[in-house]
Amino acid sequence: MSQHKQALDPDFIQKQKRRLEELKAELQSSLDFRLEDEVEMQESRTNQSHTSGSDAQDSAQQDNNRAVRAHDRMRLQAVHRALEKIEEGTYGQSEQSGDPIPRARLEAAPSALYTVAEEEVREREQDL
C-alpha cells in the first residue's frame, strides 16, 4: 500500500481532481444539451405534421439521445464517486477489492473505480 501512496502523489491527485471537474462539466453539458434536444423534438412534433419517415427519424434520434444520456449519467456517477474518493483519501483504490488501480489506468480514465480485470468481469456480468 505504501508504494501505491507514493505513486499517487498530491500533485497527481490534484491534477486528476481538475480533470474530473472538467469531465463533470462536460458530461453535465452533454446531458443538458441532449435533454433540450429531445424537448425541442417533442415540441416540434406537436406543432407540425410529420410523415412516417420523419417520425421514424425522430424516434431513432430520441432513442439515440436516451442511450447517450444513460451512458453519460453512468459516467457522471463514476466521476462523482472518484471525486468523493479524492476527498476520502481513497482515490486510486478499487471500490471492489481495495487493490491499487495502476496510475496509467487513472491517467487514461481518471474516473476509474475498478482495476481492469475487475471492470472486465463487471462488464461480462452485465451482458448476461
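Qualifying side chain to side chain contact (heavy atoms under 4.5 Å, CB included) partners for E88, counting only residues two or more places apart in sequence or in other chains: R81, E84, K85, T90. Remark: E87 pairs with K17 by the salt bridge (Lys or Arg N to Asp or Glu O under 4.0 Å) rule, at least two apart or across chains. For R19, the salt bridge (Lys or Arg N to Asp or Glu O under 4.0 Å) test picks out no residue, with sequence neighbours left out. Scored by the side chain to side chain contact (heavy atoms under 4.5 Å, CB included) test, E22 finds no partners at all (sequence neighbours excluded). Shown here are the side-chain hydrogen bond (donor to acceptor under 3.5 Å, both in side chains) partners of D63, two or more places apart in sequence or in another chain: R66. Among residues two or more places apart in sequence or in another chain, the side-chain hydrogen bond (donor to acceptor under 3.5 Å, both in side chains) test is passed with K15 by none. With sequence neighbours left out, H71 forms a side chain to side chain contact (heavy atoms under 4.5 Å, CB included) with R75. In terms of the side-chain hydrogen bond (donor to acceptor under 3.5 Å, both in side chains) criterion, residue partners of T115 (sequence neighbours excluded) are, by chain and number, E118. Under the side chain to side chain contact (heavy atoms under 4.5 Å, CB included) criterion, R73 pairs with L31, R69, A70, sequence neighbours left out. Taking the salt bridge (Lys or Arg N to Asp or Glu O under 4.0 Å) definition, one finds that E21 meets it with K24, sequence neighbours left out.
Counting side-chain heavy-atom gaps under 4.5 Å among Ile, Leu, Val, Met, Phe, Trp and Tyr, the cluster of L113 also holds Y114.
Once rounded to the nearest 0.5 Å, the distance linking CG of L20 with CG of L83 reads 4.5 Å. Atoms CD and CD, on E123 and E125 in that order, are 11.0 Å from each other to the nearest 0.5 Å.
Across all non-hydrogen atoms, the minimal contact from A82 to S111 is CB-CA, 3.9 Å. In terms of heavy-atom proximity, L8 sits nearest to Y91 at CD1-O, 3.4 Å.
Screening residues 104-114 for salt bridge (Lys or Arg N to Asp or Glu O under 4.0 Å), with sequence neighbours left out, gives R103-E107, R105-E119.
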